[in-house]
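Take a look at the structure below.
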2 protein chains.
Amino acid sequence: MRECSLTLTSDPHSKTRSTARRETEQRILDAAEQVFAEFGFRGATMGQIAARADLPKANLHYYFDTKLTLYRLVVERIFRIWLQAADTFDDCDEPREALSRYIRAKMDISRRFPNGSKVWANEILQQAPVIQDYLETTLEDWTNSRIEVLNRWISEGRIRAIDGRTLLYMIWATTQHYADFNHQIHTLNKGDMLSDAQFDLAKETVVSIILQGVGIAPEPMGEAS
Amino acid sequence: MRECSLTLTSDPHSKTRSTARRETEQRILDAAEQVFAEFGFRGATMGQIAARADLPKANLHYYFDTKLTLYRLVVERIFRIWLQAADTFDDCDEPREALSRYIRAKMDISRRFPNGSKVWANEILQQAPVIQDYLETTLEDWTNSRIEVLNRWISEGRIRAIDGRTLLYMIWATTQHYADFNHQIHTLNKGDMLSDAQFDLAKETVVSIILQGVGIAPEPMGEAS
DNA sequence: TATCATCTTGACCGTCTGGTCAAGGGTTTC
DNA sequence: GAAACCCTTGACCAGACGGTCAAGATGATA
């Protein structure tokens with residue numbers, strides 16, 4: 001109603017052609033991510049995606065030729081976000097700092113991009129028809145290198161002797177749970193989304209249990225990032 | 001080829017009518033569970049389920065009138081299994097024993113019935129169209145009562161002061177991860193299923209990290225069930 | 001063997017799906 | 001202003017979908 005320099009669905013005609021194009025593509029990708037997150041590749045329909053993007057179905061095929069193309073592009077966005085979180089682990093060789101940073105980063109991603117995580121979950125449930133080779137290359141390499149780091153920390157006596165792979169899976173499972181199962185979490189929270197305070201409590205509880213679980217004393221006060 | 005006293009798809013004609021009927025229904029339910037687990041309700045097709053049960057599609061509709069009926073029955077089976085695991089927590093008031101029993105039970109269920117867990121995951125991803133009222137009643141009641149128990153243990157100084165709800169979510173997320181994401185886990189295990197030894201290591205590592213995480217000293221040797 | 005209920009199945013139906021297309025509206029360029 | 005290009009869209013298509021049905025096969029009963 002009142003003047004606003006930036007609206008979510010701004011009028012494409014007020015922009016240059018390429019800008020408008022990018023915005024429309026983005027709107028379609030966002031709608032696609034939501035629908036794919038909920039119903040998976042097979043369950044999602046182009047009609048649903050078109051409705052959520054508020055565009056005629058034929059328009060989707062003008063920008064993205066097939067449903068599979070659109071799906072692949074949605075999945076690619078998720079890779080980039082996941083890799084960004086991986087960096088927070090790689091950047092540090094101090095167990096407490098590396099683990100708590102990584103957990104917090106993954107928790108924040110689950111909160112900000114729940115649909116990305118859900119699309120990933122659907123991919124795995126469907127035996128990874130699109131991301132299989134990614135699992136076998138990038139993910140496997142990263143995982144193995146992190147397990148080596150964890151094993152080194154163990155041999156240096158900096159963390160307890162636990163199975164590093166299982167620890168990684170616990171962190172992935174728990175952090176992604178806050179995205180993939182957010183509907184269940186909301187239902188068990190009287191139907192409301194988690195408040196900032198509730199989410200912070202969850203985040204710090206996860207950090208605390210994992211750190212304590214691998215034998216690292218609780219973080220000194222005031223050191224949380 | 002050679003004589004075999006028990007085959008997986010035994011000849012229905014050698015049994016009484018009601019027995020054969022029950023066997024056919026079971027075969028359809030098993031096939032349905034697999035397909036629903038992979039593709040969710042919308043993504044699954046009756047044709048796929050029929051093919052996996054090795055029956056003509058029309059035969060499915062003789063035993064179960066609609067796709068939704070079949071789906072509801074599959075979901076009901078999962079409820080029963082889940083409640084059975086819940087009992088292992090309820091039966092005991094000793095933190096170490098209750099938590100490790102519950103975690104082990106949930107891990108074993110993830111291994112034996114991965115499809116059930118996957119159907120549940122798909123339900124939540126799709127905003128629980130079928131199990132919503134179950135989440136709001138049985139699950140919520142059980143969750144709250146367990147959180148009360150955890151809080152009592154905290155006030156009695158038997159476990160560390162952590163947020164009980166987050167602890168429960170961590171346990172659910174981690175244990176169900178071994179079912180819902182088993183494809184990813186297998187891929188990261190050179191494409192092989194986890195061996196008994198690998199799965200036991202994972203199970204005991206989860207127990208160990210959680211127990212240590214809530215401030216319970218590692219289990220005395222030889223006490224594992 | 002004859003009768004009847006139970007089970008099986010290929011063929012079929014209306015609807016929805018992903019994808020196409022041609023006609024037309026807008027915008028840029030000269 | 002007109003030609004060229006970009007974008008939008010309703011109408012349409014072939015195939016797949018959930019579900020139906022009637023005809024026949026099979027098994028139980030007597």
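Keep in mind that the numbers below use all heavy atoms, side chains included, and drop hydrogens, waters and symmetry copies. Residue numbering restarts at 1 for every chain, and letters A, B, ... go by the order of the sequence lines.
For the pair B:R21 and B:Y63, the NZ or CZ position fails the cation-pi test of under 6.0 Å to the six-membered ring centre and within 45 degrees of the ring normal. Geometrically, B:R101 does not engage B:F89 in a cation-pi contact defined by less than 6.0 Å to the ring centre and at most 45° from the axis.
Contacts between residues 56-67 of chain A and DNA chain C, defined by a heavy-atom separation below 4.0 Å, involve A:K57, A:A58, A:H61, A:T66, A:K67, listed by number.
Between the side chain of B:K67 and the backbone N or O of B:F41 there is at least one donor-acceptor pair closer than 3.5 Å. Distance alone, capped at 3.5 Å, is enough to place a donor-acceptor pair between the B:Q198 side chain and the B:S195 backbone.
Between B:H177 and B:F181, the ring planes are parallel. Angles under 30° get that label, and only those over 60° would be called perpendicular.
Phosphate contact (OP1/OP2 of C:dC7, side-chain N/O of B:R21, threshold under 4.0 Å): present.
Nucleic acid contact class of B:A44 (heavy atoms, under 4.0 Å, all strands): sugar-phosphate only.
Of all the heavy atoms in B:R42 and A:G43, the pair that sits closest is NH2-O, 2.7 Å.
In this structure, the CD atom of B:Q48 is 13 Å from the C1' atom of D:dG18, given to the nearest Å. Remark: C1' of C:dC7 and CZ of B:R22 are 16 Å apart, rounded to the nearest angstrom. For B:M46 and C:dC13, the CE to P distance is 20 Å, given to the nearest whole Å.
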